[in-house]
Visitor: 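The structure under discussion is supplied below as structure tokens; questions concerning it will follow.
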Amino acid sequence: MKNDTDFQIEYAAARRAYIEKEFRNLNEMQRKAVLATEGPLLILAGAGSGKTTVLINRIANLLRFGSASDSDWIPDNADETMLQALRENSLDALPFAQVQPVEPWRILAITFTNKAADELKFRLTQMLGEKAADIWACTFHSACVRMLRRNADILGYSDDFTIYDTSDCQSLLKRILKDFDLDDKIYPPRSVLSAISKAKDIPVSAEEYLQEARKFGDARRIRIGEIYQEYTRRMFAANAMDFDDLLLNAVRMLQQNEEILSFWQRRFRYIMIDEYQDTNHLQFLLASLLADKHHNICVVGDDDQSIYRFRGATIENILSFEERNRNCRTIRLEQNYRSTEHILSAANSVIRNNTERKGKELWTKAGAGDPIVNYTVSDENEEANTVASLLLADYSSGVPWRDHAVLYRMNAQSSQLEFALKRVGIPYQVFGSTRFFDRAEVKDVLSYLSVIVSPSDDLRLLRIINNPPRGIGEKSIETARAIAMEENCSLYDVISRADRYPSLSRPSLRMREFANMLRDLHQFASENPSDAVFDEVIKKTGYLDMLQNSNDEKDVSRAENVMELKSSILGYKKENEDPSLSGYLANIALYTDLDAFDRDSDCVVMMTMHSAKGLEFPSVYVVGMEEGIFPGTRAIGEQEEMEEERRLCYVAITRAKKHLCFFHARQRMLFGHTTANMPSRFLDEIPALDMIQKDIGSRNSRYSEYGSKYDQAPSYGYKGGSEKSFSHSYSGFRTDRPAGSPSFIRKPNSPVKSSDPLPELSLGGSVRHKTFGEGVVVKMTPMGNDCLLDIHFSGVGTKKLMLRAASRFLEKI
DNA sequence: CGCACCACAATTTTT
DNA sequence: TTGTGGTGCG
């Protein structure tokens, strides 16, 4: 009976039905995607269509049922009893529904951000428990690091290679330009770096690049080729890799070594890649290599959300996935679970103006919802004030701060908004300005730690050799560098035996003292945990002393930042079984500010539209909807650029769940110049039915001007501490721990400490606000441990303020 | 050698 | 307007 074809079909169908029941909470398309386990699969997932849910359930399906949902194969021992059990959905039918359940470590799930990876891991753990820990859910870059740490030696790197972040690369490049005596106006570091990055993406080596450039006789390209070559040489000498190198070297490693390739190919039976529209060519190569044995590669993406073309992402990867994988199945997820109809209609209408796309229409069962509001304001101050009052109004009707996001095109637009919110006491979090790990003092200390791990890291050694000052001057350093160049050894080697070089006789002693200190620290690091190394470093180098003995008040916050770094080291130690200093440093390099996004703290979120990708908020405020800003000047007249801007607009719109507001100003001051801009063309692309117009007019402009006088004073009225540290959020590592995060996650601009004295206000009492002047309290509405105040300021009008956070602007009179 | 002052330029940036 | 990098002086 058991080989009977009918039975086989029946059994497979019953098995599939059984599995389908497990995923009955998904919609049909989602379920299809979850159950299609074998072979290449392209999931075109519109914004808010539940793609993470699909990813997670797909993994769950693989772990639980293996390929059963997508296979005709039935076990030899399959019989009527088992079929019956499946049909009856009986509890012990599970084994009958399994075909080679997948071991967790055979799954590779690639995301683009650490945050997304953490989120994935967290949700997988929730669903699957402990075994989720063995799934490789990580970014391309961290996957590469993990693979390279095992075998980078075949490429000539040692396994404790360091990772250079963008600013490290920039300083390296600047050094090279200087040494080559090239003008950084003619060879701007950023664009040279991007040329190198593009070359690596193809990938083309420095030698090939040079050869090609020489063939065409292009002088500039030859120069860039030479820079590329030197850059590569120095990176290698420092045992360092930049972000592109991580990918490039992983690819090289797999291409060059059959054994390693086959190891990883066999290991990853299923590969999933999220945000596929943002992959570059190297990432495509890497994925292709890894998937070349099992061909079980599932990519999820949305061509309409590709907004990183400028960074080398190629939409081509997703557009041609079907051609490249002939037996590929494609599933479209178009039902949106996030937004209301008006918002989706706007999104669809805007993106329809793009030509290069697969074509997709989002729809929802959520209902029409509230129309979008398009505000016309007179200038950027009124814009900020309007946002602030809308936020306050919403908060006073019971909506938490965290439900709101303010999005803009450029980080430079955030400052006026910050002041407006600060003034009325709205807690907020700004993302994307100076990263914590980019701060000079943090980089300094990290450089010490890096050099201790790998002394051949010339770049970082240069950063600290005379910092704190130890009498090793520019001249001496140059001499030492020249010797290092000549002897083809590292700078460290030269200074540690400085007494051997007559030309270094004067700084010799100080150099050797410094080298000895590093050597001792290196020794210390091999026997002590990383936090102790940190302590030893700041003690022995006198770095913290330097900050603490300084008269500059900025150094107080610098010292705080340095100590914050220790928290992050401790955090790393706590979360890793085998914490090493080099592991910590690698982790840092791959860390971004967005990872610190803290949805637990009740704050309004401010970020660029780019950073907002992948997030959602009940209320979204998009400011600066003006020609020349969004779309930016550079995109106007450039078809491709414009389409990217439009995709960005699509991303911004689809962040909103319920409420969406646009703002455009009649005139705006940006970079010190006032310009009058037309409303953004994207606004015209939104159907009138979905959007109502509101003109704030110039009624309030007098008051905003009054306010603007103070808006320009950066640290106005702030007692002690650094302003910056309050308006930014940063933290150490976060594998998802929703609550109970260690203390180094700082709550930004959070309502003032409850210990701070609050002005004792009473209804009808008089106050003075540092911006608005004198006023009378006309209404007090207690909210949680705070209080919403309505204060009538003479000549300004009635303003709503939050007592706690606005108290530093307020005094009782 | 360190600090102060002035010119200059300034999308976006998952790693 | 803001931040940064280069130069010149004490």
Side-chain angles (χ1 to χ4, degrees), chain A residues 110-117 138-145 163-167 169-171 174 178 184-185 188-190 193-194 197 241-247 274-275 277-280 282-283 305-313 380 407-416 431-435 437-438 440 466-477 551-552 586-595 597 607-615 624 628-635 641 644-645 647-649 651-652 668-674 708 711-714:
Chain A
I110 303 269
T111 60
F112 263 78
T113 60
N114 300 310
K115 193 184 131 40
C138 54
T139 63
F140 266 110
H141 296 267
S142 54
C144 289
V145 172
I163 301 168
Y164 275 12
D165 68 20
T166 318
S167 64
C169 297
Q170 266 196 15
S171 24
K174 280 179 192 158
K178 226 179 214 163
D184 60 3
K185 297 252 160 44
R190 296 174 102 266
L193 227 37
S194 118
S197 177
M241 298 191 198
D242 64 21
F243 292 138
D244 296 314
D245 290 336
L246 292 175
L247 300 167
D274 196 8
E275 307 282 16
Q277 75 279 357
D278 289 328
T279 49
N280 61 27
L282 264 183
Q283 289 164 333
Q305 287 190 71
S306 160
I307 53 174
Y308 285 102
R309 214 184 43 129
F310 71 92
R311 272 181 94 251
E380 76 281 355
L407 307 182
Y408 35 80
R409 181 65 238 269
M410 297 173 284
N411 285 124
Q413 288 172 265
S414 72
S415 56
Q416 290 92 339
F431 293 92
S433 24
T434 321
R435 286 198 322 153
F437 292 108
D438 273 345
N466 198 32
N467 179 14
R470 48 178 70 86
I472 306 177
E474 196 64 35
K475 266 261 175 64
S476 321
I477 295 171
N551 297 322
D552 189 342
N587 224 330
I588 291 268
L590 300 176
Y591 176 91
T592 58
D593 242 15
L594 202 63
D595 301 333
F597 176 57
M607 54 172 74
T608 62
M609 302 179 203
H610 280 91
S611 324
K613 203 179 81 169
L615 304 175
I629 291 176
F630 186 46
T633 358
R634 252 153 276 225
E641 298 273 317
E644 175 129 330
E645 294 280 288
R647 290 194 290 271
L648 185 57
C649 184
V651 168
R668 173 182 303 272
M669 180 145 80
L670 199 59
F671 301 135
H673 291 285
T674 303
S708 71
D711 285 353
Q712 316 315 336

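Order of the sequence lines sets the chain letters (A, B, ...), proteins ahead of strands, with each chain counted from 1.
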Visitor: At under 4.0 Å between heavy atoms, what does A:Asn466 touch on the DNA or RNA strands: base, sugar-phosphate, or nothing?
Guide: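 The residue A:Asn466 makes sugar-phosphate contact but no base contact.
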
Visitor: For A:Asn280, enumerate each residue passing the side chain to side chain donor-acceptor pair (under 3.5 Å) test, keeping only those at least two apart in sequence or located in another chain.
Guide: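 Side chain to side chain donor-acceptor pair (under 3.5 Å) list for A:Asn280, sorted by chain: empty.
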
Visitor: Could you tell me which residues satisfy side chain to side chain donor-acceptor pair (under 3.5 Å) with A:Thr139, sequence neighbours excluded, listed by chain and number?
Guide: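 In terms of side chain to side chain donor-acceptor pair (under 3.5 Å), with neighbours along the sequence ignored, A:Thr139 is linked to A:Ser142.
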
Visitor: If the condition is side chain to side chain donor-acceptor pair (under 3.5 Å), which residues does A:Ser197 pass it with, not counting sequence neighbours?
Guide: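 By the side chain to side chain donor-acceptor pair (under 3.5 Å) rule, A:Ser197 matches A:Asp244.
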
Visitor: Using a 4.0 Å heavy-atom cut-off, write out nucleotides 6-13 of chain B from 5' to 3' as B (base contacted by protein), S (sugar-phosphate only) or - (no contact).
Guide: ----BBBB

Visitor: Of A:Phe243 and A:Pro469, whose nearest nucleotide on DNA chain B comes first from the 5' end?
Guide: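 Between the two, 5'-proximity favours A:Pro469.
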
Visitor: Can you give me the dot-bracket string for DNA chain C, 5' to 3', counting Watson-Crick and G-U wobble pairs with both distances under 3.5 Å, using [ ] for crossing pairs and | for partners on another strand?
Guide: ||||||||||

Visitor: Measure NZ/A:Lys475 against P/B:dC1 and give the value in whole Å, please.
Guide: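 Result: 9 Å.
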
Visitor: Any non-hydrogen side-chain atom of A:Glu275 less than 4.5 Å from a side-chain atom of A:Gln305?
Guide: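 No, their side chains stay 4.5 Å or more apart.
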
Visitor: What residues form a side-chain contact (heavy atoms from CB on, under 4.5 Å) with A:Ala117, not counting sequence neighbours?
Guide: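 Result, side-chain contact (heavy atoms from CB on, under 4.5 Å) vs A:Ala117: A:Thr111.
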
Visitor: Going by side chain to side chain donor-acceptor pair (under 3.5 Å), name the residues that satisfy it together with A:Ser306, two or more places apart in sequence or in a different chain.
Guide: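 In terms of side chain to side chain donor-acceptor pair (under 3.5 Å), with neighbours along the sequence ignored, A:Ser306 is linked to no residue.
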
Visitor: In whole Å, what is the span from the CZ atom of A:Arg309 to the P atom of B:dT14?
Guide: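 One finds 18 Å between P of B:dT14 and CZ of A:Arg309, rounded.
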
Visitor: Could you state the atom-to-atom distance from CD1 of A:Ile110 to P of B:dT14 in whole Å?
Guide: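 Value for this atom pair: 18 Å.
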
Visitor: So, using side-chain contact (heavy atoms from CB on, under 4.5 Å) as the criterion, who are the partners of A:Pro188 when residues are at least two apart?
Guide: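 Counting only residues at least two positions away or on another chain, A:Pro188 forms a side-chain contact (heavy atoms from CB on, under 4.5 Å) with A:Ser191, A:Arg220.
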
Visitor: Within this structure, what is the CG-to-P distance between A:Asn280 and B:dT14, rounded to whole angstrom?
Guide: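 Nearest whole value for this atom pair: 15 Å.
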
Visitor: How many Å lie between CD on A:Gln416 and C1' on C:dT1, as a whole number?
Guide: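 Those two atoms, CD and C1', are 9 Å apart.
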
Visitor: Could you run down nucleotides 4-10 of chain C 5' to 3' and tag each one B, S or - for protein heavy-atom contact under 4.0 Å?
Guide: -S-----

Visitor: Identify whether the glycosidic angle of B:dT11 places it syn (within 90° of 0) or anti.
Guide: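 That one's syn.
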
Visitor: For A:Phe310, what residues pass the ring pair (Phe, Tyr, Trp, His ring centres under 6.0 Å) criterion, not counting sequence neighbours?
Guide: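 Only A:Tyr308, A:His610 meet the ring pair (Phe, Tyr, Trp, His ring centres under 6.0 Å) criterion with A:Phe310.
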
Visitor: Would you mind classifying the nucleic acid contact of A:Ile472 as base, sugar-phosphate or nothing, using non-hydrogen atoms under 4.0 angstrom?
Guide: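 Sugar-phosphate, backbone atoms only, no base.
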
Visitor: Quick one: list whatever passes salt bridge (charged side-chain N to carboxylate O under 4.0 Å, His left out) with A:Asp438, sequence neighbours left out.
Guide: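 Residues passing salt bridge (charged side-chain N to carboxylate O under 4.0 Å, His left out) with A:Asp438: A:Arg435.
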
Visitor: Can you tell me how far P in B:dT13 sits from the matching atom in C:dT4, rounded to whole Å?
Guide: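 Result for the P pair: 16 Å, nearest Å.
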
Visitor: Go through the structure and list residues passing salt bridge (charged side-chain N to carboxylate O under 4.0 Å, His left out) with A:Arg409, not counting sequence neighbours.
Guide: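 Applying salt bridge (charged side-chain N to carboxylate O under 4.0 Å, His left out) to A:Arg409 gives A:Glu645.
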
Visitor: If you round to the nearest 0.5 Å, how far is CZ of A:Phe671 from CE of A:Met410?
Guide: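 So the gap between those two atoms works out to 5.0 Å.
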
